[in-house]
Amino acid sequence: MNVRKVILLFCVTALLISCGSSKKATTSRRTTAPSVRKIEVSREVREIKESKEETEKLLAPVSYKEKVQNYIFEYAGIAKHEMKQYGIPASITLAQGILESGAGYGELTGKANNHFGIKCHDWTGDRVYHDDDRSQECFRKYEKASYSFRDHSLFLKNRKRYAKLFTYKQEDYKSWAYGLRAAGYATDKKYPAKLISIIERYKLYTYDAEVLGNRYVPQEPEKPKKPTVSAAKNGEYVVQKGDTLYSISRRYNIKVSELKAYNNLKDNAIAIGQVLKVEEPDDNSDEF
């Protein structure tokens with residue numbers, strides 16, 4: 001009986017020990033795995049947040065003025081080189097490029113390096129299709145922007161309808177702007193005015209002057225001619241055609257009432273050739 005009790009007690013003890021070790025192993029696996037997943041998720045969230053902040057910095061808006069200035073900086077040298085080779089004003093080339101390409105940000109420029117909106121016509125090279133005056137029109141595609149500038153020069157130089165442009169002076173960008181529209185380069189009636197506005201706003205005419213070796217002197221609009229002023233001695237004015245007391249008073253910076261008082265006028269009526277005093281009479285003027 002004692003031997004059986006010992007054997008039974010041994011079996012029970014062994015069973016309890018094995019159950020305890022099994023629970024311990026299971027508990028260990030459950031606590032380890034979730035800890036690893038939690039660390040990985042935390043790292044992923046941090047990386048995505050940093051990437052978003054960097055993207056926002058890269059997508060900072062650029063003003064149209066900055067776009068144009070960047071365009072001029074990048075392509076002015078090419079435009080001047082084309083002017084030397086083919087005689088087309090650099091100001092016209094740059095203004096057309098800015099207008100046609102959206103200062104380099106246009107869709108056609110982005111996918112075809114086409115800075116001047118030149119359509120296929122007799123083109124045998126690469127091409128793209130783009131909505132313009134009509135849906136999906138054929139446009140020339142270039143490998144580099146410089147190839148587009150060269151093709152623009154050849155396009156104007158080798159077509160008879162643009163021949164008149166080359167009779168204008170290279171510094172006469174206004175004639176070139178209107179000539180392009182007249183020759184059919186663009187259908188927009190405001191095309192010349194737009195080119196001229198860009199040229200004058202960003203002073204593109206200075207690049208023409210650099211190529212020609214001239215110092216550019218801006219042409220100021222002619223001021224309307226004033227009627228000849230015949231002034232007698234002792235601060236007197238001879239009335240001209242179209243004069244009024246008001247216009248005379250403005251010219252000499254005095255009041256109408258003062259002008260009437262100087263001349264003993266009872267009303268505003270004056271006559272051509274009438275001599276009016278435009279300065280206060282000097283009481284001692286007759287002493288000599």
Side-chain angles (χ1 to χ4, degrees), residues 64-106 108-109 112-119 121-123 132 139-140 142-222:
Y64 179 73
K65 183 178 180 180
E66 289 175 319
K67 292 177 182 178
V68 172
Q69 290 173 335
N70 290 337
Y71 189 93
I72 294 168
F73 178 80
E74 187 168 357
Y75 298 112
I78 297 176
K80 290 195 292 181
H81 178 73
E82 294 300 311
M83 181 177 178
K84 293 176 184 177
Q85 294 291 318
Y86 296 96
I88 301 167
S91 60
I92 286 292
T93 299
L94 285 170
Q96 282 192 281
I98 292 167
L99 183 59
E100 298 286 351
S101 75
Y105 282 76
L108 180 61
T109 305
N113 270 322
N114 191 326
H115 285 244
F116 300 93
I118 299 180
K119 298 177 182 178
H121 301 293
D122 54 351
W123 182 250
D132 192 56
F139 287 86
R140 302 182 181 190
Y142 308 95
E143 184 180 349
K144 298 179 180 179
S146 59
Y147 295 171
S148 177
F149 277 76
R150 173 53 53 89
D151 195 41
H152 170 262
S153 298
L154 295 173
F155 187 84
L156 297 182
K157 190 71 174 179
N158 296 336
R159 281 169 168 73
K160 290 183 179 180
R161 72 185 200 179
Y162 297 113
K164 189 175 180 180
L165 294 173
F166 295 89
T167 65
Y168 303 135
K169 293 181 179 179
Q170 293 180 22
E171 62 267 33
D172 187 6
Y173 59 84
K174 291 183 179 179
S175 294
W176 276 81
Y178 283 102
L180 281 165
R181 168 72 175 83
Y185 192 96
T187 56
D188 185 358
K189 293 181 180 179
K190 296 181 179 179
Y191 193 77
K194 290 178 180 178
L195 293 181
I196 293 170
S197 176
I198 293 172
I199 290 170
E200 294 182 345
R201 180 178 180 182
Y202 296 98
K203 300 180 181 179
L204 302 183
Y205 45 72
T206 57
Y207 298 109
D208 300 336
E210 288 177 13
V211 174
L212 297 172
N214 300 331
R215 182 176 177 274
Y216 184 80
V217 179
Q219 297 179 354
E220 296 183 1
E222 294 184 2

| field | Centroid-centroid distance, Tyr75 to His115, less than 6.0 Å | value | yes
| field | Separation between OH of Tyr205 and CD of Glu200, rounded to the nearest 0.5 Å | value | 7.0 Å
| Non-hydrogen side-chain atoms of Ile98 and Ile72 separated by less than 4.5 Å | yes
| remark: Separation between CG (Asp151) and CD1 (Ile118), nearest 0.5 Å, reads 5.0 Å
| Of the non-hydrogen atoms in Tyr168 and Gly179, which two are nearest, and what is the gap between them? | CE1-CA, 4.5 Å
| query | If you look at every heavy atom in Gly104 and Ser101, which pair is closest and at what distance? | reply | N-OG, 2.8 Å
| field | Side chain proximity check, Phe155 to Arg140, heavy atoms < 4.5 angstrom | value | yes
| field | Phe149 ring center within less than 6.0 Å of Phe116 ring center | value | yes
| task | Check step by step if side chain to side chain contact (heavy atoms under 4.5 Å, CB included) holds for Met83 and Leu212. | result | CA-CA 9 Å; Met83 181 177 178; Leu212 297 172; 3.9 Å; yes
| field | Minimum side-chain heavy-atom gap Asn113-Glu143 below 4.5 Å | value | no
| message | Centroid separation under 6.0 Å, is that true for the rings of Trp176 and Phe166? | response | yes
| request: Mind checking the NZ-CG spacing from Lys65 to Asn70? Nearest 0.5 Å is all I need. | output: 12.0 Å
| Closest heavy-atom pair and its distance - Leu108, Phe139 | CD2-CD2, 3.6 Å
| said: Rounded to the nearest 0.5 Å, what separates atom CD in Gln170 from atom OG in Ser175? | reply: 13.0 Å
| task | Using a strict cut-off of less than 4.0 Å between a Lys/Arg side-chain nitrogen and an Asp/Glu carboxylate oxygen, indicate whether Lys169 and Asp208 qualify as a salt bridge. | result | no
| query | Could Lys80 and Tyr207 be counted as a cation-pi pair, given that NZ or CZ must be under 6.0 Å from the ring centre and within 45° of the axis? | reply | no
| said: Show the nearest heavy-atom pair for residues Ala79 and Leu94, with the distance to one decimal. | reply: CB-CG, 3.7 Å
| request: Mind checking the OH-CZ spacing from Tyr142 to Arg150? Nearest 0.5 Å is all I need. | output: 12.5 Å
| message | Is there a side chain to side chain donor-acceptor pair (under 3.5 Å) between Glu82 and Thr93? Walk through the geometry before answering. | response | CA-CA 9 Å; Glu82 294 300 311; Thr93 299; over 6 Å; no
| message | Quick check against the 3.5 Å criterion: does Thr109 have a side-chain atom that pairs as donor or acceptor with the backbone of Tyr105? | response | no
| query | What pairs meet the ring pair (Phe, Tyr, Trp, His ring centres under 6.0 Å) rule with one or both residues in residues 181-204, with sequence neighbours excluded? | reply | none
| task | Taking the side chain as every heavy atom from C-beta outward, state whether Leu165 and Ile88 have any atom pair closer than 4.5 Å. | result | no
| query | How long is the span from the CD1 atom in Ile199 to the CD atom in Gln96, to the nearest 0.5 Å? | reply | 9.0 Å
| query | What heavy-atom pair brings Ala177 and Ile196 nearest, and what distance separates the two atoms? | reply | CB-CG1, 3.9 Å
